S.K.: 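Structure in C-alpha cells, see below.
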Amino acid sequence: EPEVTQTPSHQVTQMGQEVILRCVPISNHLYFYWYRQILGQKVEFLVSFYNNEISEKSEIFDDQFSVERPDGSNFTLKIRSTKLEDSAMYFCASRDRVGSEKLFFGSGTQLSVL
Amino acid sequence: SQQGEEDPQALSIQEGENATMNCSYKTSINNLQWYRQNSGRGLVHLILIRSNEREKHSGRLRVTLDTSKKSSSLLITASRAADTASYFCAHYSGAGSYQLTFGKGTKLSVIP
C-alpha cells in the first residue's frame with residue numbers, strides 16, 4: 001500500500017537554529033498537511049496545502065513556520081528559529097481528492113530542540 | 001469536557017476480551033473518524049462514520065455515533081496483543097474545513 005514518507009525520523013537541533021522537515025506524500029494525492037503532537041498531548045493541526053498554496057493554518061503556524069512543495073514529490077515544513085516548545089513529533093499527511101475525508105499519515109519526525 | 005475527549009484515558013484488558021472506547025465532541029459534525037497510533041508511529045485511519053449513520057462495522061471494529069449526545073464509541077472485539085496502541089477520534093472543524101481536531105486518545109494495552 002502506498003505510504004507517506006517522512007525524513008528524518010529524529011532531528012535534534014539547538015534553539016534558534018533552522019530546521020527543515022521533509023515529507024513525500026502519496027504520489028497522486030492533492031492535499032497535504034502538517035500536524036504535530038507534543039509529548040502527552042493531543043495531535044494538533046498546523047497547516048494544510050493545496051494547489052501550491054496554504055489553504056488553512058492554525059494559530060500555532062506563525063511567521064516562524066513555512067511550507068513548500070519545491071518539486072512534484074516533496075513537501076517540507078521549515079521552522080526558521082526553533083524554540084524549546086517546538087519539540088514535538090511532526091506528522092505529514094496527505095489526502096487524495098475532493099470529497100475524500102481519509103488522511104494518510106507518515107510515521108513522523110521527532111524534533112528535539114535543546 | 002473538551003472537544004474530542006476520549007475515555008478512558010487508558011485501558012488494559014486480556015487478549016480475547018472486548019475493548020470499548022468513548023469519545024465526545026462539541027461541534028456539529030459531518031462525520032467522525034477513528035485513528036490508531038502504534039507507539040512511535042504515525043496515525044492509521046481505522047473507520048469513518050457519517051452523521052446520518054448510527055453504527056458501522058469493519059472487521060472486528062464497531063463504531064457507534066450518537067449525534068444528539070455528541071458522542072461516539074469504538075468497540076474492538078476479540079482483542080489481540082497487536083491491538084495494543086493509542087486510539088483517537090477525530091472530526092473536521094467545520095463546514096468546508098479539512099482541519100482535523102483530535103482527542104487526547106485512549107491508550108489500550110492488550111495483555112497476551
Side-chain angles (χ1 to χ4, degrees), chain A residues 1-7 9-10 21 23-26 29-51 54-61 88-112, chain B residues 1-7 9-10 21 23-53 56 58 61 63 65 72 85-107:
Chain A
E1 186 172 309
E3 29 176 61
V4 176
T5 306
Q6 288 186 244
T7 55
S9 56
H10 293 85
L21 309 183
C23 170
V24 179
I26 295 172
H29 284 194
L30 302 176
Y31 302 86
F32 313 112
Y33 306 85
W34 285 100
Y35 286 78
R36 78 173 187 190
Q37 185 180 30
I38 295 171
L39 186 65
Q41 297 188 24
K42 296 182 181 184
V43 177
E44 301 172 293
F45 169 81
L46 292 179
V47 66
S48 61
F49 192 85
Y50 169 70
N51 201 25
I54 291 173
S55 311
E56 294 178 88
K57 60 182 180 178
S58 70
E59 292 177 353
I60 303 167
F61 194 88
M89 179 74 91
Y90 288 80
F91 294 107
C92 174
S94 66
R95 180 168 65 89
D96 58 358
R97 55 185 166 76
V98 174
S100 170
E101 289 137 325
K102 175 180 172 180
L103 259 59
F104 292 80
F105 283 84
S107 294
T109 293
Q110 179 65 57
L111 176 66
S112 298
Chain B
S1 62
Q2 292 180 27
Q3 203 157 318
E5 281 291 318
E6 288 91 338
D7 76 86
Q9 291 186 351
M21 290 158 270
C23 164
S24 63
Y25 58 92
K26 282 196 167 183
T27 62
S28 296
I29 60 170
N30 291 324
N31 62 68
L32 187 130
Q33 305 180 43
W34 284 88
Y35 285 80
R36 183 186 74 220
Q37 183 183 31
N38 289 83
S39 181
R41 304 287 294 173
L43 295 137
V44 175
H45 183 271
L46 294 175
I47 193 165
L48 179 151
I49 185 166
R50 301 199 179 279
S51 59
N52 61 353
E53 297 175 309
K56 195 165 183 179
S58 176
L61 304 179
V63 172
L65 180 64
S72 173
S86 291
Y87 292 82
F88 298 87
C89 69
H91 62 86
Y92 289 110
S93 296
S97 170
Y98 280 91
Q99 174 181 329
L100 265 181
T101 298
F102 284 86
K104 278 192 174 180
T106 292
K107 189 169 184 178

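Values below: all heavy atoms of this structure, side chains included; hydrogens, waters and symmetry mates excluded. Everything numeric in this text was worked out from a predicted model, so none of it was measured. Chain A is the first sequence line, chain B the second, and so forth, proteins listed ahead of strands; every chain is numbered from 1.
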S.K.: Grab the two heavy atoms, one from A:Phe91 and one from B:Gln37, that are nearest each other, plus how far apart they are.
M.R.: CZ-NE2, 3.3 Å
S.K.: For B:Glu53, I'd like to know if atom CD has over 12 heavy atoms of other residues, nucleotides or ligands within 6.0 Å.
M.R.: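 Result for CD/B:Glu53: enclosed.
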S.K.: Tell me, for A:Tyr33 versus chain B, whether the close heavy atoms (under 4.5 Å) come from the side chain, the backbone, both or neither.
M.R.: side chain
S.K.: Picking from A:Lys57, A:Glu44, A:Arg95, A:Met89, which has the most non-hydrogen pairs under 4.5 angstrom with chain B?
M.R.: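 Most pairs with chain B among the choices: A:Arg95.
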S.K.: Is any side-chain heavy atom of A:Leu103 closer than 4.5 Å to one of B:Tyr35?
M.R.: yes
S.K.: Identify which part of B:Leu48 has an atom lying under 4.5 Å from any heavy atom of chain A, answering side chain, backbone, both or neither.
M.R.: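 Only the side chain of B:Leu48 comes within 4.5 Å of chain A.
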S.K.: Is it the side chain or the backbone of A:Phe104 that comes within 4.5 Å of chain B heavy atoms, both, or neither?
M.R.: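 Neither part.
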S.K.: Output all residues satisfying side-chain contact (heavy atoms from CB on, under 4.5 Å) with A:Thr109, sequence neighbours left out; order by chain, then residue number.
M.R.: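 Partners of A:Thr109 under the side-chain contact (heavy atoms from CB on, under 4.5 Å) test: A:Gln6, A:Pro8, A:Gln11, A:Leu21.
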S.K.: Got a second to check how far B:Ile47's CD1 is from A:Lys102's NZ, nearest 0.5 Å?
M.R.: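 Taking CD1 in B:Ile47 and NZ in A:Lys102, the distance rounds to 11.0 Å.
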S.K.: For the residue pair B:Phe102 and A:Phe45, is the inter-centroid distance of their aromatic rings smaller than 6.0 Å?
M.R.: no
S.K.: Looking at A:Leu46, is its backbone amide N or carbonyl O close enough to the side chain of B:Gln99 to form a donor-acceptor pair, meaning the two atoms are under 3.5 Å apart?
M.R.: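 No.
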S.K.: What part of A:Glu101 gets within 4.5 angstrom of chain B, counting heavy atoms only: side chain, backbone, both, or neither?
M.R.: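 It is both, since atoms from each part get that close.
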S.K.: Is it the backbone or the side chain of B:Asn31 that comes under 4.5 Å from a heavy atom of chain A, or both, or neither?
M.R.: side chain
